[in-house]
Amino acid sequence: MQVHNSLARMDRTHLLSDQDIAHPGPSCPAGSYADPNTVPNDGATAPPADLMPVVPGYESLGPNVIPPSDFGAAQPQAPSRAPERRFDIPAIAEELAQEAFIKYASSKCCYSSKPAKEMVFTDLQSLNTYRYRLETFTESRTTEWDSEPYNGQVVDGFGVAPAPWSIPVPIPALFQDCKKSVRVPHTSTVKGCHSCLNLGRSACSRCVNSGRTRCGSCSGMGRTSSDQRCIMCQGSGMIRCHSCGGVGSITCKTCKGQGKLLCFIKLQMTWKNNMNVAVIDKGSGFPVELLDQITGEKLLTDMAAVVYPVVSFPDSSVNAASESAVREHQAQFATTCRILQQRQTIELIPITRVHYAWNEKTHIYFVYGTEHKVYTKDYPAKCCCCSIL
């Protein structure tokens with residue numbers, strides 16, 4: 001028995017539950033979006049942290065996630081033991097197995113279709129393969145100083161700033177990765193722009209504050225290759241800087257020429273769908289990584305704020321995989337993130353191992369998934385170019 005663990009792309013099917021009703025919110029597009037009360041900073045950056053005031057409750061800003069406050073997470077309830085049921089899929093019929101093999105051979109430009117058409121079946125074996133998936137939808141929060149150009153807008157700098165986890169933010173659609181940022185109330189302050197020293201303008205990097213750059217037509221020589229005076233620079237070798245218009249400075253990109261910044265603490269929320277996938281394979285010799293994009297028959301779906309490990313599935317390896325995954329996710333996320341919802345599923349993936357004879361030799365191939373895909377590593381009739389490759 002082999003258990004194969006891998007990260008898989010998340011299942012974006014949105015299943016309704018009590019969690020959806022308790023935490024309604026807009027779906028989140030890819031990437032991040034700003035809170036309506038937060039004006040995008042257009043590239044503005046906050047002054048160095050040592051120049052900013054210390055806000056109670058926000059003494060340690062930075063990329064490290066903030067441990068969640070006590071949400072009184074519900075403990076999972078052990079389900080009543082369901083009657084045991086065998087989940088078996090019989091081997092596919094010989095006609096379907098041969099049809100899939102012929103289609104597979106035809107899709108390969110260097111494969112002869114003769115083995116697929118002339119083969120003689122010797123055995124078809126059904127291999128019940130289960131895929132267990134645990135999804136844990138979490139929210140994590142971080143804080144940092146941010147800023148925007150100050151244009152006389154209201155400065156919300158009075159009052160006590162609420163704790164990071166006490167700020168209500170609508171939760172997006174479940175099991176979908178998302179990011180969102182909001183401004184922490186009562187943390188705003190006005191500071192002089194650190195990039196331009198409150199001037200609103202910065203030295204032009206192209207002309208180094210001189211307003212003039214070397215002429216490109218004569219490479220600064222003042223004369224052309226024919227020893228004529230350069231018309232572009234009138235023989236001086238220098239022309240007016242196009243970047244700053246000859247002024248020698250440009251509008252500060254940080255404060256947009258205002259000379260001041262409205263600084264505030266930004267709260268960043270990250271919602272992530274964390275995956276744990278285990279494929280229970282009975283040593284069939286089939287490469288289980290091929291099953292990542294294969295559809296199976298869904299046997300069980302269980303969703304709750306905290307799921308209880310599967311305990312009564314007929315295959316004990318599935319129960320062990322579930323217990324391991326639930327324990328691992330609890331240890332990994334319970335103290336660093338807020339677990340919003342969990343979902344566990346079990347799928348039965350049909351795999352048939354086909355033994356056949358052709359040209360007085362025996363060979364094996366697999367037909368797998370509801371799509372009836374074929375895998376084999378010893379197709380008996382390839383042209384020479386395939387052998388070279």
Side-chain angles (χ1 to χ4, degrees), residues 1-22 73-92 126-138 173-176 272-284 286 288-334 339-352 368-373:
M1 185 271 294
Q2 174 187 5
V3 178
H4 171 72
N5 290 288
S6 65
L7 290 180
R9 296 183 66 86
M10 64 183 177
D11 179 4
R12 294 185 177 273
T13 303
H14 187 184
L15 301 180
L16 295 179
S17 71
D18 293 340
Q19 192 74 8
D20 296 297
I21 301 173
Q75 295 298 315
Q77 299 295 319
S80 58
R81 189 176 183 86
E84 291 196 359
R85 167 191 163 196
R86 295 303 305 176
F87 299 100
D88 296 314
I89 292 182
I92 61 176
S126 176
L127 307 173
N128 286 318
T129 300
Y130 301 106
R131 177 166 57 204
Y132 172 83
R133 177 186 286 114
L134 173 65
E135 300 170 85
T136 300
F137 187 55
T138 61
L174 296 176
F175 306 112
Q176 296 188 17
K272 184 173 179 57
N273 192 37
N274 304 276
M275 306 284 295
N276 186 303
V277 179
V279 176
I280 315 302
D281 176 56
K282 304 297 184 181
S284 63
F286 179 84
V288 294
E289 61 270 13
L290 296 179
L291 300 179
D292 286 350
Q293 305 300 322
I294 293 301
T295 304
E297 178 188 350
K298 194 162 292 185
L299 306 177
L300 178 145
T301 299
D302 176 29
M303 185 163 62
V306 181
V307 297
Y308 196 86
V310 177
V311 295
S312 59
F313 195 75
D315 192 312
S316 60
S317 299
V318 175
N319 297 330
S322 175
E323 181 182 1
S324 175
V326 171
R327 183 173 60 249
E328 179 182 320
H329 273 203
Q330 283 293 323
Q332 185 176 358
F333 304 118
I339 297 179
L340 301 175
Q341 191 84 336
Q342 288 187 310
R343 177 169 60 189
Q344 57 183 347
T345 57
I346 300 175
E347 293 175 275
L348 175 59
I349 302 176
I351 300 179
T352 298
Y368 62 99
T370 57
E371 299 87 350
H372 298 137
K373 291 192 174 184

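Note that the structure is a prediction, hence the values are computed from the model and not measured. What you see below is based on every heavy atom in this structure, not just the backbone, and it leaves out hydrogens, waters and symmetry mates.
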| Ile339/Gln330 under side chain to side chain contact (heavy atoms under 4.5 Å, CB included): CA gap, chis, key distance, verdict | CA-CA 9 Å; Ile339 297 179; Gln330 283 293 323; 3.9 Å; yes
| field | Aromatic contact, Phe313 with Tyr130 (centres under 6.0 Å) | value | yes
| Looking at CG of Leu299 and OG1 of Thr345, how far apart are the two atoms once the value is rounded to the nearest 0.5 Å? | 9.5 Å
| Rounded distance (nearest 0.5 Å) linking atom CD of Gln344 with atom NE2 of His329 | 11.5 Å
| request: Kindly indicate whether the side chain of Val277, heavy atoms from C-beta on, has any atom under 4.5 Å from the side chain of Arg131. | output: yes
| note | Between Ala325 and Tyr132, the two heavy atoms sitting closest are CB-CE2, 3.8 Å
| request: Could you grab the distance from atom CZ of Phe286 to atom OG1 of Thr129, nearest 0.5 Å is fine? | output: 8.0 Å
| query | So, Glu371 versus Thr295: side-chain donor-acceptor pair below 3.5 Å or not? | reply | yes
| query | Are the side chain of Glu135 and the backbone of Met303 linked by a donor-acceptor contact shorter than 3.5 Å? | reply | no
| field | Short side-chain to backbone donor-acceptor contact, Gln342 and Val307, under 3.5 Å | value | yes
| query | Atom CG in Asn319, atom CD1 in Ile280: separation rounded to 0.5 Å? | reply | 9.5 Å
| query | Atom OG1 of Thr138 and atom CG of Asn274: how far apart are they, to the nearest 0.5 Å? | reply | 4.0 Å
| Where is the tightest heavy-atom contact between Ala278 and Ala321, given as atom of each residue plus distance? | CB-CB, 4.0 Å
| task | Start with the C-alpha gap between Asn273 and Gln176, add the side-chain angles, then the distance that decides, and say whether side chain to side chain contact (heavy atoms under 4.5 Å, CB included) holds. | result | CA-CA 6 Å; Asn273 192 37; Gln176 296 188 17; over 6 Å; no
| request: Enter the distance from Glu328:CD to Asn276:CG here, rounded to the nearest 0.5 Å. | output: 5.0 Å
